Trainee: 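Let me give you the structure first, and then I'll get to my questions.
Computed over heavy atoms, backbone and side chain alike; hydrogens, waters and symmetry mates excluded. Starting from 1, each residue takes its place in the sequence as its number. Everything numeric in this text was worked out from a predicted model, so none of it was measured.
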Amino acid sequence: MRNSIIVLCLFLTQFGGIHAQYVIEDSAELETLKKLPLEKIYLHSNTSLFFPGEYLYYSMNCINTMTNRLSTISRVGYVELIDENHRSLFKQKVLLVGGKGQGDFFIPVTFPSGNYKLIAYTHWMRNVGLSQFYQDDIVIINPYQINQENLRIKKEETINLDVVQVNNTEFQLEDKSIQLQTEKNVFGKREKVSLVPRNYKGPLGHGNYSISVRLKNNMDVKPAMNATFFGDKYLNSTKILSKNINDSIYLPEQRGELFYGRVVDKEDNPVVNETVIISIPGEDFQLKSAITDKSGSFYTYVNKPYTAATIIAQAIDKDANNMVSLIDKPEMEFETLQFNDFTLNSKMEKAILERSVYNQVENAFYSAKPDSILSNATIDPFDGGSPEIIKLDEFTRFPTIRETLVELVPNVWVKRLDNRNYTFWVREKLEKYEIEFESDPPLVLVDGVFVQDHTAILDFNARLVDKISILRDPLVLGDKKYLGMVVIETIEGDYLNRIVDYNLAINDLEMPTSLKNYFNQSYAAENVDKFKNIPDFRSQLYWNPTILIDQNSNEKNYEFYTSDISGEYEIVLEGFTTYGKPITVKKTITIE
């Protein structure tokens with residue numbers, strides 16, 4: 001932490017009880033909220049037809065409805081897949097940087113054949129509802145399940161292929177600002193393709209895009225929504241908040257992911273002005289604080305990546321009669337969704353069988369073609385401070401934490417209080433002595449878990465401890481001052497599993513989607529022998545969710561290799577210029 005006093009504070013606001021929504025209290029607050037534009041989302045997905053064993057790839061574009069440019073409001077977006085029974089089959093959390101995010105989902109064999117909806121939204125968009133959400137139709141064909149009733153012809157309807165083709169034309173609008181250029185249009189199997197998205201409009205073509213190269217569907221499925229059609233369909237999206245004083249709203253996740261909770265007494269009455277510590281444990285632990293309002297509610301933002309799948313809330317003024325809880329965001333209702341009516345017919349049998357075989361072979365050799373997860377930026381739990389670190393294996397070990405502090409850890413000792421409990425104590429650095437902190441004990445954590453009762457860990461088995469870190473700077477967390485920080489890390493990182501504390505609220509965390517470098521098959525000279533005996537039945541030749549076109553990248557070359565599947569492949573570029581114009585560009589190449 002910085003040498004100056006660190007203040008870890010959180011803006012306090014009023015919440016509407018257990019529903020985790022903000023209540024607009026007066027006209028000034030209402031006007032402030034109305035100045036913040038609403039949002040809309042476009043997902044560029046790699047296709048609209050999936051089989052088990054395939055990946056749904058998507059690039060998320062969060063758009064400011066006032067400017068039609070990428071939004072800098074929300075830091076988190078959400079993607080869900082909804083079946084015809086209006087159930088959410090998966091929900092993913094996407095971290096947004098400057099309005100851009102990415103993710104993928106592996107289609108499992110447990111998903112039945114059927115028509116589905118792909119939904120995307122932000123917390124801020126929930127104030128408008130489904131009409132503002134991104135919605136697109138996708139189809140899953142699962143040949144490994146006997147029951148195909150979801151894709152049977154309903155009510156004796158027949159497939160009108162002419163209508164299907166007419167409906168598809170609305171998705172074919174393209175822009176000529178950018179052209180996709182390859183050295184030729186016909187390629188052999190396992191041959192390199194050099195792709196150049198050439199911008200002919202100068203600054204008017206600069207923007208953020210994504211590229212997919214995929215085998216064209218040979219079944220009459222409505223294609224995935226493109227950016228150009230999205231721009232027209234969502235042109236008149238709600239632009240400002242339409243609420244009144246005393247209405248409840250969903251707050252935008254402007255400073256990170258938003259978490260809610262509540263503190264009540266044994267009679268279920270709200271506990272007011274209670275300081276709550278919220279922590280995400282682990283080696284790169286995060287600490288936040290919040291103060292309960294008149295309804296006993298609190299909230300906090302988490303704005304750094306986290307690697308632990310657990311979040312903890314605990315009250316500082318511990319009272320056995322008080323109950324702390326963390327509240328999940330309310331689930332969406334999807335009862336009004338209307339689904340596509342794609343149906344199977346006997347002409348599709350050969351295509352389904354062929355694609356299923358290709359997928360099985362590809363998945364059998366997946367270990368030879370893995371994606372790589374990009375590592376997150378290192379999170380410094382000490383916020384720039386330089387802790388003194390004691391590695392216990394470098395010394396003679398002692399049985400307990402109490403003895404270890406006495407014998408091995410400099411500048412830390414245990415002090416007995418008047419109530420016969422004990423507290424840790426840290427010696428402040430003399431060159432920056434802060435007299436106002438001289439009567440304050442340190443902040444103590446074990447594996448990132450805030451420890452309020454220091455007596456409880458004095459007899460903890462020190463042989464389970466890996467290291468102890470001491471920070472001797474004064475700091476403030478919530479409304480409480482601490483003289484330094486003592487961080488104990490166990491060898492297994494499992495302290496939370498070893499304690500029982502009924503005043504802790506512990507919730508599982510849904511991890512955000514990981515940033516990835518997607519596997520790009522190469523048959524360059526150095527790889528020929530490595531892959532010569534491995535079949536290549538990729539229908540997705542290339543996927544890049546983040547392409548930046550600016551003054552420095554007009555001639556940038558993107559390379560990929562063809563597979564062993566012959567046919568027509570579609571190269572699709574989707575995205576938005578820096579001026580907010582939606583762009584859709586397509587090019588077809590053939591593999592013989």
Side-chain angles (χ1 to χ4, degrees), residues 1-8 275 277 279 281 283 285 287 289 314 316-318 380-496 498-499 501:
M1 292 187 178
R2 298 183 298 274
N3 291 336
S4 58
I5 297 173
I6 307 300
V7 181
L8 303 175
T275 298
I277 300 296
S279 59
E283 186 175 354
F285 63 87
L287 281 180
S289 70
Q314 54 194 127
I316 284 185
D317 297 326
K318 194 171 183 179
D380 178 13
F382 298 102
D383 205 17
S386 299
E388 301 166 11
I389 300 175
I390 309 298
K391 294 279 292 183
L392 268 59
D393 274 348
E394 297 176 358
F395 303 90
T396 300
R397 282 189 174 267
F398 293 87
T400 65
I401 293 292
R402 184 198 303 268
E403 294 166 283
T404 300
L405 293 178
V406 171
E407 301 293 340
L408 298 181
V409 183
N411 301 311
V412 179
W413 68 94
V414 177
K415 178 180 178 181
R416 184 173 179 176
L417 304 177
D418 293 340
N419 60 5
R420 299 196 176 190
N421 288 328
Y422 291 85
T423 182
F424 285 32
W425 204 258
V426 167
R427 180 175 291 108
E428 186 180 4
K429 295 179 181 178
L430 293 179
E431 66 270 20
K432 50 187 176 180
Y433 183 73
E434 301 280 352
I435 192 169
E436 64 177 301
F437 288 84
E438 65 181 353
S439 61
D440 298 303
L443 184 67
V444 177
L445 303 103
V446 181
D447 290 338
V449 179
F450 172 72
V451 177
Q452 183 163 289
D453 180 7
H454 298 178
T455 306
I457 62 169
L458 287 178
D459 294 325
F460 185 79
N461 186 354
R463 294 183 177 87
L464 302 176
V465 175
D466 176 35
K467 62 183 178 182
I468 300 176
S469 302
I470 306 99
L471 193 70
R472 296 166 61 194
D473 298 326
L475 58 100
V476 175
L477 187 62
D479 62 350
K480 296 205 65 159
K481 302 192 299 291
Y482 297 90
L483 182 51
M485 181 187 295
V486 178
V487 178
I488 301 170
E489 296 180 42
T490 66
I491 296 170
E492 299 295 332
D494 60 351
Y495 175 73
L496 185 60
R498 295 176 177 273
I499 60 174
D501 191 332

Trainee: Quick check: closest heavy atoms across Ile316 and Lys480, and the distance to 0.1 Å?
Mentor: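 For Ile316 versus Lys480, the nearest heavy atoms are CG2-CD, 3.3 Å.
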Trainee: Can you give me the closest heavy-atom contact between His454 and Phe424, atom names plus distance?
Mentor: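 Shortest heavy-atom contact: ND1-N, 2.9 Å.
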Trainee: Quick check on Glu492: does its CD atom have over 12 non-hydrogen neighbours (other residues, nucleotides or ligands) under 6.0 Å away?
Mentor: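 No, because the 6.0 Å sphere around CD of Glu492 holds 12 heavy atoms or fewer from other groups.
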Trainee: Is there a donor-acceptor pair closer than 3.5 Å between any side-chain N or O of Arg472 and the backbone N or O of Val426?
Mentor: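 No, Arg472 side chain to Val426 backbone: no donor-acceptor pair under 3.5 Å.
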Trainee: I'd like to know if the side chain of Thr423 and the backbone of Lys415 have a donor-acceptor N/O pair within less than 3.5 Å.
Mentor: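 Not at all, since once roles are kept as given, no pair shorter than 3.5 Å links the two residues.
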Trainee: Could you tell me if the side chain of Phe382 sits less than 4.5 Å from the side chain of Ser469, heavy atoms only?
Mentor: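 When only atoms from C-beta onward are counted, Phe382 and Ser469 do touch, with a gap below 4.5 Å.
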Trainee: For the CG atom of Leu443 and the CG atom of Leu483, what is their distance to the nearest 0.5 Å?
Mentor: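 Answer for the CG-CG pair, Leu443 versus Leu483, is 11.5 Å.
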Trainee: Does Ser289 reach the side chain of Ile277, with side-chain heavy atoms less than 4.5 Å apart?
Mentor: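 When only atoms from C-beta onward are counted, Ile277 and Ser289 do touch, with a gap below 4.5 Å.
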Trainee: Distance check, rounded to the nearest 0.5 Å: Ile488 atom CD1 versus Leu405 atom CG?
Mentor: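 Separation between the atoms: 6.5 Å.
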Trainee: Let me know which of Leu408, Val409, Ile389 forms a side-chain contact (heavy atoms from CB on, under 4.5 Å) with Ile468.
Mentor: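 The single option meeting the side-chain contact (heavy atoms from CB on, under 4.5 Å) with Ile468 is Val409.
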Trainee: Closest approach of Arg463 and Ile491, non-hydrogen atoms and distance?
Mentor: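 Arg463 and Ile491 have their closest heavy atoms at O-CD1, 3.6 Å.
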Trainee: Does the plane of the ring in Phe450 sit parallel, tilted or perpendicular to the ring in Tyr482? Use 30° and 60° as the thresholds.
Mentor: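 Ring orientation, 0 to 90° scale: perpendicular.
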Trainee: From Thr404 OG1 over to Leu458 CG, what is the distance, rounded to the nearest 0.5 angstrom?
Mentor: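 Here the interatomic distance stands at 10.5 Å.
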Trainee: Got Glu428 and Pro474 here, is their nearest side-chain heavy-atom distance under 4.5 Å?
Mentor: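 Side-chain contact under 4.5 Å: yes.
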Trainee: Is any side-chain heavy atom of Leu445 closer than 4.5 Å to one of Val487?
Mentor: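 When only atoms from C-beta onward are counted, Leu445 and Val487 do touch, with a gap below 4.5 Å.
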Trainee: Are the side chains of Phe395 and Ile390 in contact, using a 4.5 Å heavy-atom criterion?
Mentor: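 They are in side-chain contact.
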Trainee: To the nearest 0.5 Å, tell me how far Arg498 CZ sits from Ile457 CD1.
Mentor: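 So the CZ of Arg498 and the CD1 of Ile457 are separated by 14.0 Å.
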Trainee: What are the two closest non-hydrogen atoms of Val449 and Pro281, and how far apart are they?
Mentor: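 Distance-wise, the nearest heavy atoms are CG2-CB, 4.1 Å.
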Trainee: Do other residues, nucleotides or ligands put more than 12 heavy atoms under 6.0 Å from the CD atom of Glu388?
Mentor: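 Yes, CD of Glu388 has more than 12 neighbouring heavy atoms, counting only those of other groups under 6.0 Å.
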Trainee: Could you check if a side-chain atom of Phe460 sits within less than 4.5 angstrom of a side-chain atom of Val465, using non-hydrogen atoms only?
Mentor: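 Phe460 vs Val465: side chains touch.
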Trainee: Could you report the tightest heavy-atom contact between Asp447 and Tyr495, atom names first, then the distance?
Mentor: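 What the structure gives for the nearest pair is OD2-N, 3.0 Å.
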Trainee: So, applying side-chain contact (heavy atoms from CB on, under 4.5 Å) with Thr490, which one of Leu496, Asn461, Asp466, Val446 is it?
Mentor: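 The option that passes is Val446.
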